[in-house]
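To start, the structure under review is shown below, and the notes come after it.
Computed from a prediction, not measured in an experiment: that's the story for all the values here.
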Amino acid sequence: MKRISTLTLLISLTVLLLAACGTKNDNNTGGSKEPAVSPTAEASNSAEQAPGQEAWDSIKASGKLRIGTEGTYAPFTFHDESGKLTGFDIEIAEEVTKRLGLKAEFIETSWDSIIAGLDAKRFDTIFNQVGITDERKEKYDFSDDYIVSKAVLIVAEDNNDIKTFADLKGKKAGQSLTSNLADIARENGAEIVTTDGFSQAIDLLASKRIDATVNDGLSFLDLKKQKPELPLKIVAEAPDAAKNAALFRKGNEALIEAVNGALAEIKSDGTYLKISEKYFGADVSK
């Protein structure tokens, strides 16, 4: 009996020791048994970010948003009498940038080089009444639109030969080559005379070195307000209004989302309307 009791005691001790070892191993993570996370899954979770988040984080770290603009396209982007860069697009961009907690850095570039400058990463976006077109959407992304305008056909006051867009056939039209307005003139058979932008087209037209220009109606109305004596007139207006927005390289979704949020904010709190009425006397967002 003593031998049996001793054997029984040894077996019991062995079972207890094995149970204790098992409990110790299970409690290596503080006593709770959590499912193990593989290193691959953990790395994958940490790498998940919103599209373009890294680029947006870099912009925020720099403290500034680099903005491409012409600086010669009144009333959207131009220099006032003191030489200060101003205009509708400039003020909208400044308000948007301020709401993002950043400083606006404007980089002036001629229109025909401005999109190439975006491609070369000279700036992060373009605020310059950029028309939203299917062709541009294939390569670039846009913010929500914030300007709606119509293309108009402008000629000299004493010109009675050009009354419709179709009358441009065989006529010289001053246009920026990469503008969607140049496409209208080209589609109607005009001979394109390359210009650096709106101001040069108007100068060429006023001096009768070209026959016409297809340009932005809002810009021309502002021009006539500033220079009512200018001997130019509008003879036709495109039936469809064009929507305009800020332009971005693809892959910047996080930045675009932030800009759209700021645009919505300035529209809802009345800031947009105040700026719009300052330059146009109306709400040009619709």
**Prompt:** Does any non-hydrogen side-chain atom of Lys233 lie less than 4.5 Å from one of Val155?
**Reply:** yes
**Fill in**
All heavy atoms of Ile132 vs all of Ala245, minimum pair found to be CD1-CB, 3.8 Å
**Message:** Give me the atom names and distance for the closest heavy-atom approach of Gly52 to Glu253.
**Reply:** N-OE1, 4.1 Å
**Request:** Let me see the working for Glu54 and Asp57 under side chain to side chain contact (heavy atoms under 4.5 Å, CB included), right down to the final yes or no.
**Result:** CA-CA 5 Å; Glu54 186 176 345; Asp57 287 342; 5.6 Å; no
**Item:** Which residues share a side chain to side chain donor-acceptor pair (under 3.5 Å) with Asp203, sequence neighbours left out
**Value:** none
**Request:** Report the distance from atom CG of Asp89 to atom OG1 of Thr77, rounding to the nearest 0.5 Å.
**Result:** 7.0 Å
**Message:** Please check: side-chain N/O of Ser199 versus main-chain N/O of Thr72, any donor-acceptor pairing under 3.5 Å?
**Reply:** yes
**Request:** Check whether any side-chain heavy atom of Leu263 sits under 4.5 Å from a side-chain heavy atom of Val96, and report yes or no.
**Result:** yes
**Modelled atom types, side-chain donor and acceptor of Ser82 and Asp80, under 3.5 Å** = yes
**Message:** So if I apply the side chain to side chain contact (heavy atoms under 4.5 Å, CB included) rule between Ile126 and each of Thr69, Ile67, Ile115, which one comes out positive?
**Reply:** Ile115
**Asked** Is any side-chain heavy atom of Lys224 less than 4.5 Å from a side-chain heavy atom of Leu221?
**Response** no
**Message:** To the nearest 0.5 Å, what is the distance between CD on Glu138 and NZ on Lys250?
**Reply:** 9.0 Å
**Message:** What I'd like to find out is whether the side chain of Trp56 reaches to under 4.5 Å of the side chain of Leu100, using heavy atoms alone.
**Reply:** yes
**Fill in**
In terms of heavy-atom contacts, Phe78 and Gly87 come closest through CE2-CA, 3.6 Å
**Prompt:** Between Ser176 (side chain) and Ser179 (backbone), is there a donor-acceptor pair under 3.5 Å?
**Reply:** no
**Asked** Under 3.5 Å, is there a donor-acceptor pair between the side chain of Asp124 and the main chain of Leu65?
**Response** no
**Request:** State, to 0.1 Å, how close Glu108 and Gly71 come at their nearest heavy-atom pair, and which atoms those are.
**Result:** OE1-CA, 3.7 Å
**Message:** Given Thr271, which partner from the list Glu91, Lys98, Glu95 fulfils the side chain to side chain contact (heavy atoms under 4.5 Å, CB included) test?
**Reply:** Glu95
**Asked** Is Ile154 reachable from Leu181 through a run of I, L, V, M, F, W or Y residues, each pair having side-chain heavy atoms under 4.5 Å apart?
**Response** no
**Item:** Euclidean distance, Thr86 OG1 relative to Glu81 CD, rounded to 0.5 Å
**Value:** 12.0 Å
**Request:** Could you state whether Phe76 and Ile202 fall into the same hydrophobic cluster, counting links through intermediate Ile, Leu, Val, Met, Phe, Trp or Tyr residues with side-chain heavy atoms under 4.5 angstrom apart?
**Result:** yes
**Message:** How about CD on Glu135, more than 12 heavy atoms from neighbouring residues, nucleotides or ligands closer than 6.0 Å, or not?
**Reply:** no
**Message:** Quick test of your reading: applying ring pair (Phe, Tyr, Trp, His ring centres under 6.0 Å), list the pairs with at least one residue in residues 112-134, sequence neighbours left out, ordered by first then second residue.
**Reply:** Phe127-Tyr146
**Item:** Modelled atom types, side-chain donor and acceptor of Trp111 and Thr178, under 3.5 Å
**Value:** yes
**Prompt:** So, the side chain of Asp141 versus the backbone of Lys137: is there a donor-acceptor pair under 3.5 Å, distance only?
**Reply:** no
**Message:** In this structure, would Ile256 and Ile92 fall into the same cluster of hydrophobic residues linked by side-chain contacts under 4.5 Å?
**Reply:** yes
**Message:** I'd like to know if Asp222 pairs up with Lys227 as an ion pair, taking the criterion as any Lys NZ or Arg NE/NH1/NH2 lying under 4.0 Å from an Asp or Glu carboxylate oxygen.
**Reply:** no
**Prompt:** Can you hop from Leu218 to Val148 via hydrophobic side chains spaced under 4.5 Å?
**Reply:** no
**Message:** The test is side chain to side chain contact (heavy atoms under 4.5 Å, CB included); show your working for Phe198 and Asp216 and say whether it passes.
**Reply:** CA-CA 8 Å; Phe198 178 77; Asp216 178 70; 5.9 Å; no
**Item:** Under-4.0 Å salt bridge between Asp211 and Lys172
**Value:** no
**Prompt:** Can a donor-acceptor pair be found between the side chains of Gln129 and Ser149 at a distance below 3.5 Å?
**Reply:** yes
**Asked** Would you say the side chain of Thr97 lies within less than 4.5 Å of the side chain of Lys103, judging by non-hydrogen atoms?
**Response** no
**Prompt:** Do you know the tightest heavy-atom contact between Val214 and Ala151?
**Reply:** CG1-CB, 4.2 Å
**Item:** Contact list for residues 216-273, test ring pair (Phe, Tyr, Trp, His ring centres under 6.0 Å), sequence neighbours left out
**Value:** Phe88-Tyr272
**Single-linkage hydrophobic cluster Tyr73~Leu230, side-chain heavy atoms < 4.5 angstrom** = yes
**Message:** Can you confirm whether the side chains of Asn252 and Tyr140 place a donor and an acceptor under 3.5 Å from each other?
**Reply:** no
**Asked** Any ion pair linking Asp283 and Lys267 (charged N to carboxylate O, less than 4.0 Å)?
**Response** no
**Request:** Report the distance from atom CG of Asp167 to atom NZ of Lys171, rounding to the nearest 0.5 Å.
**Result:** 8.0 Å
**Item:** Pairwise side-chain contact, Leu153 with Thr164, heavy-atom cut-off 4.5 Å (strictly under)
**Value:** no
**Request:** Answer yes or no: is there a donor N or O on one side and an acceptor on the other, between the side chain of Glu70 and the main chain of Thr109, under 3.5 Å?
**Result:** no
**Request:** Could you walk me through whether Val130 and Asn244 pass the side chain to side chain contact (heavy atoms under 4.5 Å, CB included) test, one step at a time?
**Result:** CA-CA 5 Å; Val130 184; Asn244 305 267; 5.8 Å; no
**Message:** Whether the side chain of Gln200 engages the backbone of Asp196 through a donor-acceptor N/O pair (distance < 3.5 Å, no angle test) should be reported.
**Reply:** yes
**Message:** Check whether Arg66 reaches the backbone of Lys121 with its side chain - one donor and one acceptor, N or O, closer than 3.5 Å.
**Reply:** yes
**Prompt:** Run the side chain to side chain contact (heavy atoms under 4.5 Å, CB included) check on Thr125 and Val259 step by step: do they pass?
**Reply:** CA-CA 10 Å; Thr125 182; Val259 168; over 6 Å; no
**Asked** Is there a side-chain hydrogen bond (donor to acceptor under 3.5 Å, both in side chains) between Thr213 and Asn215 once you walk through the steps?
**Response** CA-CA 6 Å; Thr213 181; Asn215 240 296; 3.0 Å; yes
**Message:** Within the structure provided, determine whether Arg186 and Ile192 are in side-chain contact (heavy-atom separation under 4.5 Å).
**Reply:** yes
**Message:** Please find the pair of heavy atoms, one from Ala262 and one from Arg99, that lie closest to each other, and give the distance.
**Reply:** CB-CB, 3.9 Å
**Complete:** d(Lys274 NZ, Ile266 CD1) to nearest 0.5 Å is 12.5 Å
**Side chains of Asp158 and Lys208 in contact at under 4.5 Å (non-hydrogen atoms)** = yes
**Message:** Within this structure, what is the CD1-OG distance for the pair Ile147 and Ser276, rounded to the nearest 0.5 Å?
**Reply:** 9.0 Å
**Message:** Are more than 12 heavy atoms, taken from residues, nucleotides or ligands other than Lys150, located less than 6.0 Å from that residue's NZ atom?
**Reply:** yes
**Message:** Strictly distance-based, threshold 3.5 Å: is any side-chain N or O of Asn159 a donor or acceptor partner for the main-chain N or O of Ile162?
**Reply:** yes
